[in-house]
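Quick note on labels: first sequence line is chain A, next is B, and so on, each numbered from 1.
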Amino acid sequence: MSKSDKLSTDPYKGVRDFYPEDQAMLNRLFSVLRMVCERVGYVEYGASVLEPAELYKSKNAENEEIINEQTYTFTDRGDREVTLRPEMTPTVARMVAAKRREFGYPLRLYSIPNFFRYERPQRGRLREFWQLNVDIFGSRSLAADTEIISVAYGVMRALGGSESDFVIKVGSRPAMNEVAQRAGLSPEATKKFFALLDRRAKMPTTEFEQNLQALGVPMAAVSPDEVPADIAEMLEQFRAGGVGNIVYDPSIVRGFAYYTGIVFEVFDLHPQNNRAVGGGGRYDNLTALFDDEPMPGVGFAMGDEPLRLFMDARGLIPPYTPPTQVYVALAAPELLPEATTLVQELRQAGVCVAQDFGERKLGDQIKAASKHKIPHLIVVGQDELTAGAFAVRDLTTGEEEHVGRAELAAYFLTRTI
RNA sequence: GUGGCCGUAGCUCAAUGGUAGAGUCCUGGUUUGUGGUACCAGUUGUUGUGGGUUCGAAUCCCAUCGGCCACCCCA
């Protein structure tokens with residue numbers, strides 16, 4: 001049979017397969033994210049990846065192109081237009097609007113959902129990805145902004161990053177709106193102004209100054225030294241708390257989104273990863289699509305792949321270990337019933353055990369356990385069964401320890417993974 | 001969506017238009033109750049795919065698929 005008759009084993013363009021080691025890495029990352037959020041009182045929610053297409057289309061005309069060209073949208077068998085969610089904000093806004101009278105406020109929510117975007121893939125940008133989404137609803141307090149940023153900071157630290165590994169740049173939409181207003185910029189010119197600010201780091205200073213001048217905005221207005229009062233207060237709090245890598249940066253404006261207050265981005269400072277790992281900001285009324293009562297809030301998102309690259313560049317990804325603690329191999333196939341009894345004893349006691357069925361030579365059984373990176377091995381043979389004791393081998397060191405059958409479970413349970 | 005670089009054994013990569021190779025992995029043996037180190041032997045393959053140029057293509061050209069990079073975008 002020729003090769004071309006067969007299907008490719010590659011995953012779909014821009015998406016990843018998660019083999020056990022990859023899935024374990026993702027799970028460990030998620031568990032750190034959950035821990036950080038829950039420690040600050042955020043609770044987890046979830047929703048379907050399928051949303052009615054109109055949820056994104058109706059937001060505003062400005063992003064129509066993005067929705068049309070960069071989402072997965074299709075018509076279902078019932079003639080409904082469906083979109084695979086490209087972001088979480090409309091979904092969480094819908095959920096909050098639906099239960100707004102039942103919730104207590106401030107409402108702290110987080111989620112780690114997957115998203116789909118029809119984009120050209122490259123490093124750190126895929127067609128399916130996961131994102132931590134953290135939001136606090138129903139508060140206008142600066143303390144909420146501060147808390148949200150401190151959660152983002154906490155994530156980076158909990159993953160093993162030190163302050164020299166990343167920086168959080170905080171900008172202000174109102175401050176830049178005021179600059180635009182003072183310069184008498186039209187709505188179109190304001191848009192250009194924001195786009196210019198956004199690209200500031202990608203161009204030489206002189207080019208930036210020229211473009212700024214062309215718009216009629218004075219350089220001093222976008223100086224990092226002109227810190228807006230609320231951000232100055234926030235930064236002072238962080239400094240008092242011993243946090244030194246959160247700074248004001250007037251060029252942070254974050255695209256066209258619904259932001260109306262502070263905005264911020266978390267940057268990976270590794271030369272290999274010159275990119276933002278996440279960002280967010282404050283919005284005045286996220287539920288405007290669903291009702292007329294204002295719902296202020298502040299939130300941020302962080303992508304799984306940028307976080308993984310952040311950790312990888314610094315050796316912060318721990319080596320893989322499977323949940324399986326012990327592999328039970330058979331010296332002879334006819335010992336399977338005896339081995340099964342032993343395995344069940346161990347499982348009953350709470351040990352995670354994988355059992356070989358004795359189809360292959362003992363050496364191959366051990367090789368398989370080793371390939372699976374299972375830390376311990378027991379060989380069940382007639383000698384061991386008669387003696388009532390087993391040699392427990394550490395497959396990483398090759399060292400063996402003799403343990404009586406009655407003590408086996410306790411032996412493994414005291415060796416926590 | 002635009003432009004550039006790339007695609008060779010399961011993996012990492014050689015081979016400058018002239019017989020497709022190395023390391024690793026894998027399989028068997030040294031060793032029929034013991035893996036990861038050692039020694040011996042063996043398979044690594046439609047050079048991403050489809051066309052074209054040529055006496056001859058992994059190599060040059062076109063298309064297509066996929067990866068990477070920059071732009072765009074970054075909800």
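Within 4.0 Å (heavy atoms only), Asp364(A) reaches no atom of the nucleic acid at all. Within 4.0 Å (heavy atoms only), Gly363(A) reaches sugar-phosphate atoms of the nucleic acid but no base atom. Counting non-hydrogen atoms under 4.0 angstrom, Gln365(A) reaches nothing in the nucleic acid. Here Gly14(A) lies in heavy-atom contact (under 4.0 Å) with sugar-phosphate atoms only. Nucleic acid contact for Glu384(A): base, since at least one base atom lies under 4.0 Å from a heavy atom of the residue. Across all strands shown, Gly398(A) has heavy atoms under 4.0 Å from base atoms, whether or not it also approaches the sugar-phosphate. Within 4.0 Å (heavy atoms only), Thr396(A) reaches at least one base atom of the nucleic acid. If you check every strand for non-hydrogen atoms under 4.0 Å, Leu395(A) touches a base.
Rounded to whole Å, the separation between the C1' atoms of A15(B) and A57(B) comes to 14 Å. Taking the P atom of each, A41(B) and A14(B) are spaced 28 Å apart, rounded to whole Å. Comparing C5(B) with C40(B), their P atoms are spaced 45 Å from each other, to the whole Å. C71(B) and A63(B): their C1' atoms are spaced 24 Å apart (whole Å). For the P atoms, the distance linking G35(B) with G42(B) amounts to 24 Å, nearest Å. Spacing of P atoms, U8(B) relative to G3(B), comes out at 24 Å, to the nearest Å. Atom name P, nucleotides G17(B) and C60(B): the rounded distance is 7 Å, in whole Å. If you take atom P in C6(B) and the same atom in G10(B), they sit 23 Å apart, rounded to whole Å.
Of the residues in residues 194-203 of chain A, those with a non-hydrogen atom less than 4.0 angstrom from any atom of RNA chain B are Arg199(A), Lys202(A).
Contact annotation: Arg117(A) side-chain N/O to C73(B) OP1/OP2 distance is not under 4.0 Å. An OP1 or OP2 oxygen of C25(B) is reached within less than 4.0 angstrom by no side-chain nitrogen or oxygen of Lys367(A). For Lys361(A), a side-chain nitrogen or oxygen approaches OP1 or OP2 of G29(B) to under 4.0 Å.
Applying the salt bridge (charged side-chain N to carboxylate O under 4.0 Å, His left out) criterion to Asp76(A), with sequence neighbours excluded, gives Arg80(A). Take Lys373(A) and apply the side chain to side chain donor-acceptor pair (under 3.5 Å) test, not counting sequence neighbours, and it matches Glu21(A). For Phe166(A), the ring pair (Phe, Tyr, Trp, His ring centres under 6.0 Å) partners at least two apart in sequence or on another chain are Tyr153(A). For Tyr72(A), the side chain to side chain donor-acceptor pair (under 3.5 Å) partners at least two apart in sequence or on another chain are Tyr12(A). Residues forming a side chain to side chain donor-acceptor pair (under 3.5 Å) with Arg34(A) (at least two apart in sequence, or on another chain): Glu44(A). Residues satisfying the side chain to side chain donor-acceptor pair (under 3.5 Å) test with Tyr283(A), not counting sequence neighbours, are Asp135(A). Annotation: salt bridge (charged side-chain N to carboxylate O under 4.0 Å, His left out) contacts of Glu207(A) (sequence neighbours excluded): none. Among residues two or more places apart in sequence or in another chain, the salt bridge (charged side-chain N to carboxylate O under 4.0 Å, His left out) test is passed with Asp304(A) by Arg16(A).
Rounded to whole Å, atom P of A75(B) lies 14 Å from atom CG of Leu286(A). In this structure, Glu119(A) places its CD atom 16 Å from C1' of C68(B), rounding to the nearest Å. Summarising the geometry, the separation between CD1 on Ile366(A) and C1' on G36(B) is reported as 11 Å, rounded to the nearest angstrom. Per the geometry, CG belonging to Asp394(A) stands 16 Å off P belonging to G36(B), to the nearest Å. For the pair Leu362(A) CG and G33(B) P, the computed distance is 8 Å after rounding to whole Å. Rounded to whole angstrom, the span from the CZ atom of Arg125(A) across to the P atom of C69(B) amounts to 10 Å. In this structure, Leu377(A) places its CG atom 9 Å from C1' of G35(B), rounding to the nearest Å. Rounded to whole Å, atom P of C65(B) lies 8 Å from atom NZ of Lys13(A).
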Salt bridge (charged side-chain N to carboxylate O under 4.0 Å, His left out) between Glu293(A) and Arg101(A), intermediate numbers included: CA-CA 11 Å; Glu293(A) 292 179 61; Arg101(A) 299 191 175 221; 3.3 Å; yes
Stepwise salt bridge (charged side-chain N to carboxylate O under 4.0 Å, His left out) check, Arg275(A) with Asp268(A): CA-CA 6 Å; Arg275(A) 58 174 300 118; Asp268(A) 188 336; over 6 Å; no
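With distances taken from any side-chain atom of Tyr258(A) to the nucleotides A75(B), G33(B), C26(B), the minimum falls on A75(B). Closest to the side chain of Glu87(A), out of G1(B), C68(B), A75(B), is A75(B). Comparing C68(B), C73(B), A75(B) by their closest approach to the side chain of Arg123(A) singles out C68(B). Listed nucleotides: C71(B), A75(B), G33(B). Nearest to the side chain of Gln122(A): C71(B). You'll find that the side chain of Arg120(A) is closest to G4(B), out of G4(B), C26(B), C73(B).
Between the side chains of Ser141(A) and Ser139(A), no donor N or O sits under 3.5 Å from an acceptor N or O. In summary, the side chains of Asp356(A) and Tyr327(A) do present a donor paired with an acceptor at a separation below 3.5 Å, with no hydrogens or angles considered. Judged by distance alone, the side chains of Glu81(A) and Thr73(A) never bring a donor and an acceptor atom under 3.5 Å apart.
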Tabulated below should be each protein N or O lying under 3.5 Å from an N or O of nucleotides 37-42 of chain B; please produce it.
none

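The distance from the CD atom of Glu305(A) to the CZ atom of Arg123(A) is 8.0 Å, given to the nearest 0.5 Å.
Consecutive Watson-Crick or G-U pairing (both distances under 3.5 Å) extending over three or more pairs maps onto RNA chain B as B:1-7 with B:65-71, B:10-13 with B:21-24, B:26-30 with B:38-42, B:48-52 with B:60-64.
Both Asp10(A) and Pro86(A) sit near RNA chain B, but only Asp10(A) has its closest nucleotide nearer the 5' end.
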Review item, side-chain donor-acceptor pairs of residues 376-383 of chain A, under 3.5 Å, at least two apart:
from	atom 1	to	atom 2	distance (Å)
His376(A)	ND1	Gln325(A)	O	3.4

